[in-house]
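Quick note on labels: first sequence line is chain A, next is B, and so on, each numbered from 1. Scope of the values below: all heavy atoms of this structure, side chains included, with no hydrogens, waters or symmetry mates.
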There are 2 protein chains.
Amino acid sequence: MGISERKKKILAAVVDEYIRTAEPVGSKAIAASAGLGCSSATIRNELAELVSLGYLEQPHTSAGRVPTPMGYRMYVNELMQKQKLSLEETEDINRRMNQKLRELDDTISEVSRLASQLTDYPALALTTRTAVTIRRFDIIYVDANTFIIVALLSDNTVKNKLVHLPVSVDQKLVQRLSSLFNAGFTNITADAVTPLLINSTERAADDTMGVTSVIAAFTIEVLSEAEAPSAYVSGENRLLNQPEFRDPDKAHRLMGYLSGGGYVLPPDGELDEADGIRVLIGPENVAEELKDSSVVIATYDAGDNTRGMIGVIGPTRMDYSTVAAKLSILAAGLSKRLGGGVAPPAGMHNKLIIKGDSGNE
Amino acid sequence: MGISERKKKILAAVVDEYIRTAEPVGSKAIAASAGLGCSSATIRNELAELVSLGYLEQPHTSAGRVPTPMGYRMYVNELMQKQKLSLEETEDINRRMNQKLRELDDTISEVSRLASQLTDYPALALTTRTAVTIRRFDIIYVDANTFIIVALLSDNTVKNKLVHLPVSVDQKLVQRLSSLFNAGFTNITADAVTPLLINSTERAADDTMGVTSVIAAFTIEVLSEAEAPSAYVSGENRLLNQPEFRDPDKAHRLMGYLSGGGYVLPPDGELDEADGIRVLIGPENVAEELKDSSVVIATYDAGDNTRGMIGVIGPTRMDYSTVAAKLSILAAGLSKRLGGGVAPPAGMHNKLIIKGDSGNE
DNA sequence: TATTAGCACTCGAAGAGCGGGAGTGCCAAC
DNA sequence: GTTGGCACTCCCGCTCTTCGAGTGCTAATA
């Protein structure tokens, strides 16, 4: 367990240096950099012990040392000095986030893009929502063949659909259906929309042209879509910045995995840090494709059954502290914006003004 | 101009072979493959002439020949045998496209993804819309602090926005505003929404709480967003499949360009083919980053001021005929679905049922 | 005159061989 | 426990060589 203070310092120095240079680090380099007053020979002894303890490894005899996943783990858990971003940096991130959020409606995908830009690694963002329901239906009669369905969901997103029918529809029918749907289809989840319910509604509305089923289909679509987790990946190409991905095959495999979608998420275990950051190092990842990469994940709370993650993927030799610090700010920003009471949705297609939201707290 | 029939055959054989293998092709290989009954020596003579004519080049003395951009151009214009996809393939593409379009609302980005899947090259899709207007406003009063704006645009997309105010709003005011906006803000473009217009509307509605400006802001946002061209890139990582992008730097540069967005579009010149396919070979591209890649573009017509492109990017040695054939089907499918009268939008967030649309013509 | 076979030549790719040097492990001295 | 010293190891990068595919040319052939 307890390894000597000096070993820790040396380990930290190795990891820091390796993160910086991506090359095995030798005893002399450490003697020079870390401020512990001892000579390379001493450090060599310590390094040898760190190797036998499993924190470091040598690519081959007479090369420098490289951290093992266990070494990174130790580094992340205990040694890493928490990066305290400067005020300017923090402000810059917040400003850029605000700007993104103002300009665009697709919050989550934009924030994932921002994360990728800030860290220079590929980033991904996920949301999971549960138990979304429709709070209210409105049906706008446009002309005899056309109407618009508008649904306000429980998470304060609005969905709509323009329906164009080959037959004429009576405005009265539309009104009847509107009432019926507001009575029968609100506050229920997708699986509660049964054929039975649809049929009885159709009869009650005296609908002979199948308008009911169109609206019901929309309802199901909206509900199941809203509950489906959504994922965005951005900046896959930044992978190629990293020397460990100079091998095109390796890069290709990982990029394929990333753009493929089906992420194997880690079990929702305990967090590494109080601030909600998780670090998954190399083999700690569940997905085979990530076994020699690392993932840093920040979770945010978008209120109301919605929880999301925003994460960054890189080589095991990644700059954990900076990345963690930046993600932390992003996640906090998202929580603040999305979690506070009226929650605009992740990846939804509409906007929400919360007047007076700007700035305070 | 006119080069002998045999030269053409040989040139075609070189291009075909090079497309297949990505390696300089030698005289012997051609003698074996192409069915012209002459020996490698003869072919060598012809090859030498093709080189001096500028259709081929040699990476170095005593290597096989590789097509020049001019060679590809000749190939695309005259020699390439139009790939006639089998019925199954065509049906497969159509089926997959239908499936995508049924499942998802974001037509264009999905089709771009599909194009990338089908061709195994990165794909991009763009739309340009002009002169979109709002045809009709509806404002749904939800509660004293909340209402939903719904706008039906001239291209039959529907946009909405949930507005949440810190102050109570009178339902009457909302109704007045609804009428005023329908009278004053429909059928105009973004730049016609002047402060003057907004102010006079505000006065006419007797609005003291700034609701008018919220709706006006939404109007401007919707209109300018609808007119802005949108672009989607998918499958950047497929670039790495191509041997010419085994050099990570090269791959990185192009991928950076692709995910960067700002595409330098080719002048809207004449098309190579009657079926609306354009091929831009290597240096024919305007963008510096594309100078040694090729782009195949199909245009589709989404009716009503909307025109789009769907394209594929690959090495100059790309499989022009297959790609062109596949894009052609996709573009035709898009035109059919989007162009026919009531046009569901590109990249918009709502859906359109056109009953009875299935299949015919 | 066009085609073909033959042959010497060219040039890159792949492999072998060879320092150089960074880094180690160990030992003896402090 | 620390340090300097030193022999040793092994990768990296270099050159050198070989190998072979493919050429260009020439002379013979239809």
> B/His60 has an atom NE2; how far is it from atom P of D/dG20, in whole Å?
16 Å
> Could you work out, with ring-ring contact (aromatic ring centres under 6.0 Å, His included) as the rule, every residue matching A/Tyr72, not counting sequence neighbours?
A/Tyr320
> In chain order, what residues pass the salt bridge (Lys or Arg N to Asp or Glu O under 4.0 Å) check against B/Glu244, with sequence neighbours excluded?
B/Arg317
> Checking B/Asn45 now: which residues fulfil side chain to side chain contact (heavy atoms under 4.5 Å, CB included) with it, not counting sequence neighbours?
none
> Where along nucleotides 21-30 of chain D does protein come under 4.0 Å, by heavy atom, of base (B) or sugar-phosphate alone (S), with - for untouched nucleotides?
BBBBB-----
> For the residue pair B/Ser112 / B/Ser234, report whether a side-chain donor-acceptor contact shorter than 3.5 Å exists.
yes
> Go through the structure and list residues passing salt bridge (Lys or Arg N to Asp or Glu O under 4.0 Å) with B/Glu46, not counting sequence neighbours.
B/Arg6, B/Lys7
> So where does chain B start and stop touching DNA chain C, 5' to 3', when the test is distance under 4.0 Å to a non-hydrogen atom?
C/dT3 to C/dG12
> Quick one: side chain to side chain contact (heavy atoms under 4.5 Å, CB included) partners of B/Asp292, sequence neighbours excluded?
B/Lys250
> Apply side chain to side chain contact (heavy atoms under 4.5 Å, CB included) to B/Ser62 and list each qualifying residue two or more places apart in sequence or on a separate chain.
B/His60
> Could you tell me which residues satisfy salt bridge (Lys or Arg N to Asp or Glu O under 4.0 Å) with B/Arg44, sequence neighbours excluded, listed by chain and number?
none
